[in-house]
Amino acid sequence: MKRTEVRHTGNGAVPQAKGRDATPPTPMRQRYASAHTAHRPMSPGTPGAQAVRDSGRAIVKTEHSAKKIPERTARHAIKTADRSARKTIKATQRTAKTAARTTKTAAQSAKAAQQTAQATVKATQRAVQAARATAKAAATTAKAAAKATVAAVKAAIAAIQALAAAIAAGGWVAIVIVLVICMVGLLIASPFGIFFSDGGGPDTVSPSAAVAQINREYADTLSGLQAGGSYDSVEIVGRPPSWADVFAVFSVKTVSGDGVDVITLDADRVERLRTVFWDMTKITTATRTVDHPATEDAEAWTETILTVTVTPRTVDDMRVFYQFTDEQNAALDSLLTSESRDLWNNLLYGSSGEIVAVALSQVGNVGGQPYWSWYGFNSRVEWCACFVSWCANECGYIDAGVIPKFAGCTGGSNWFKDRGLWQDNSYEPHPGDLIFFDWDNKGSSGPQDDLPDHVGIVERVENGIVYTVEGNSGDSCRQRSYSVGHYEIWGYATPIF
């Protein structure tokens with residue numbers, strides 16, 4: 001029996017026998033056999049029946065699957081691709097919408113930022129304008145307040161003086177005024193309390209006495225610098241600060257900073273005042289040499305010159321130095337207004353305080369320069385009268401005809417005598433009066449001869465002592481003191497200021 005091999009062709013062909021005796025079927029027979037075999041029933045026991053059936057099913061199933069699977073796969077792929085495309089399109093659309101919204105939001109944010117910036121600029125401009133207006137208004141208010149405060153102080157002082165006079169005259173009704181005086185208590189407890197200080201207590205001094213005390217220390221300091229070496233000449237350049245400035249800074253610092261009133265000047269307060277003075281006074285020295293050629297009358301020589309420079313620190317310097325607050329600065333401004341000038345002069349020097357203030361500012365000068373050169377001399381002369389004239393000129397008194405320009409004591413004293421402005425040595429002088437001396441000095445000016453030898457300026461009178469500021473006292477500008485009625489006092493000129 002020949003061996004038969006069954007194989008799937010994949011194209012609907014029936015199994016074919018292979019061998020040497022196998023005869024290929026004709027096409028017609030093949031078609032007939034395929035069709036007949038596919039529909040003819042076969043018994044289960046027939047050899048090859050299951051194979052043929054299975055082969056037929058396999059052939060039919062394979063052919064159907066070959067057609068159906070690719071079609072289904074294609075449709076699925078198309079659907080999948082379609083869904084993916086739609087999703088991609090939707091995602092793209094959503095992204096585009098999101099981007100549009102983001103762009104719109106960014107544009108809105110940019111616009112809002114621009115509007116905010118513009119609003120900020122406008123607000124800043126308005127703030128600057130408001131600040132300027134506030135500063136201007138504050139300055140105006142400060143000036144008005146300063147004037148009002150000064151006026152109140154003047155009124156309070158006047159009221160106290162009137163009260164004292166009324167009580168002294170027996171006017172007991174004036175005691176009622178005490179109630180009014182109490183209203184100025186706040187002023188007394190403020191830096192303006194300095195204007196009420198009169199040194200009437202047993203352990204207190206007046207402001208002018210404190211000034212004299214510190215001025216003597218200043219003069220001694222300058223003298224010590226000059227005595228520290230061998231010099232042919234000494235130059236004093238500059239001057240210490242104004243005493244009104246010193247007292248104003250002292251009052252603000254002591255009251256507002258240290259919590260201590262300035263209604264009285266005891267030892268502690270004078271020491272505080274001294275500290276402020278030296279904080280405001282800077283002194284430096286320098287030495288130089290000048291070679292002088294030989295002349296017909298003298299050999300060549302080298303001059304050693306000491307220059308002492310006095311530099312006052314300003315009120316504004318002290319604001320920073322003491323780190324004053326806005327409140328302290330406002331008080332300092334109020335104390336130093338032009339309206340306060342009369343108060344300071346009356347407090348420190350009396351009614352003629354201006355010439356006294358100028359004279360005190362020159363304490364420590366050595367050699368009389370610039371007084372004698374201002375007068376017109378080419379070299380040093382005895383310069384006490386030149387000094388008095390220079391101080392008077394600084395105050396405008398020469399042009400006003402209050403004090404003459406004089407370089408000799410005799411001529412100056414005669415000018416006042418001719419105008420009835422003269423008092424003898426029994427007179428108790430006032431600040432600003434000119435004091436003339438007739439020295440009893442056999443080795444210098446000779447014994448007293450009823451002619452004036454020296455002149456100075458009266459600073460003040462306290463407890464029977466006359467305090468003076470004198471030029472050319474030992475070739476320097478110094479403060480001196482004498483008993484009222486001292487025999488070497490020749491007399492007093494009494495200018496009408």
Side-chain angles (χ1 to χ4, degrees), residues 211-243 245-246 274-295 297-314 317 321 356-391 393-394 407 441 443-445 454-457 459 467-481:
V211 168
Q213 180 180 339
I214 297 172
N215 272 338
R216 282 193 293 270
E217 296 171 5
Y218 167 74
D220 291 343
T221 299
L222 296 185
S223 297
L225 292 174
Q226 298 168 42
S230 178
Y231 310 106
D232 297 300
S233 61
V234 177
E235 297 176 345
I236 307 293
V237 180
R239 63 180 65 181
S242 160
W243 271 108
D245 290 351
V246 174
R274 178 182 291 107
T275 299
V276 172
F277 172 82
W278 286 112
D279 284 344
M280 294 182 68
T281 306
K282 179 182 179 182
I283 300 177
T284 57
T285 61
T287 304
R288 75 179 191 276
T289 58
V290 178
D291 294 327
H292 296 275
T295 63
D297 300 327
E299 297 180 353
W301 64 290
T302 300
E303 181 182 13
T304 302
I305 303 173
L306 171 67
T307 301
V308 179
T309 302
V310 182
T311 305
R313 289 190 172 92
T314 67
D317 292 334
F321 185 80
V356 177
V358 172
L360 285 171
S361 72
Q362 302 302 300
V363 171
N365 178 283
V366 177
Q369 177 68 286
Y371 318 120
W372 48 261
S373 60
W374 161 83
Y375 197 94
F377 295 103
N378 294 325
S379 60
R380 183 194 179 281
V381 297
E382 298 302 321
W383 49 277
C384 61
C386 293
F387 169 72
V388 172
S389 296
W390 184 89
C391 291
N393 184 68
E394 289 289 296
N441 189 345
S444 179
S445 60
H454 183 65
V455 64
I457 299 172
E459 178 188 346
Y467 296 90
T468 65
V469 182
E470 302 169 23
N472 197 29
S473 177
D475 200 31
S476 65
C477 182
R478 296 179 181 272
Q479 290 174 281
R480 305 296 296 268
S481 61

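The distance from the CG atom of Leu360 to the CD1 atom of Ile457 is 9.0 Å, given to the nearest 0.5 Å. Within the model, atoms CZ of Arg480 and CD of Glu459 stand 13.5 Å from one another, a figure rounded to the nearest 0.5 Å. Note that CG of Leu225 and OH of Tyr231 are 8.0 Å apart. Values are rounded to the nearest 0.5 Å. Rounding to the nearest 0.5 Å gives a distance of 4.0 Å between CG of Asp291 and OG1 of Thr302.
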Could you please spell out the steps behind the side chain to side chain contact (heavy atoms under 4.5 Å, CB included) verdict for Val469 and Gln479? CA-CA 5 Å; Val469 182; Gln479 290 174 281; 4.3 Å; yes
Step by step, work out the side chain to side chain contact (heavy atoms under 4.5 Å, CB included) result for Ile283 and Trp278. CA-CA 9 Å; Ile283 300 177; Trp278 286 112; 3.8 Å; yes
Between Val366 and Leu222, does the side chain to side chain contact (heavy atoms under 4.5 Å, CB included) criterion hold? Intermediate values first, please. CA-CA 9 Å; Val366 177; Leu222 296 185; over 6 Å; no
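Ser476 pairs by the side chain to side chain donor-acceptor pair (under 3.5 Å) definition with Arg478, not counting sequence neighbours. For Thr314, the side chain to side chain donor-acceptor pair (under 3.5 Å) partners two or more places apart in sequence, or in a different chain, are Asp317. Remark: Tyr371 pairs with Trp383, Phe387, Trp390 by the ring-ring contact (aromatic ring centres under 6.0 Å, His included) rule, at least two apart or across chains.
The two residues Val381 and Cys386 have their closest heavy-atom pair at CG2-SG, 4.4 Å. Contact between Ser230 and Thr304 at its shortest, heavy atoms only, is O-CG2, 3.9 Å. Closest of all the heavy-atom pairs between Ser361 and Pro240 is O-CD, 3.4 Å. Taking each heavy atom of Pro241 and Arg313 in turn, the nearest pair found is CB-O, 4.4 Å. The nearest pair of heavy atoms linking Asn472 to Glu382 is ND2-OE1, 2.7 Å. Heavy-atom minimum distance, Ala359 versus Cys391: CA-SG, 3.9 Å.
Contact of the Thr307 side chain with the Val237 side chain is registered, since non-hydrogen atoms from C-beta on lie closer than 4.5 Å. Using a 4.5 Å heavy-atom cutoff, the side chains of Arg380 and Trp372 are in contact.
Put simply, the side chain of Asn365 gets close to the backbone of Gln369: a donor and an acceptor are under 3.5 Å apart.
A perpendicular orientation is assigned to the rings of Tyr218 and Phe277, their planes being inclined by more than 60° (bins at 30° and 60°).
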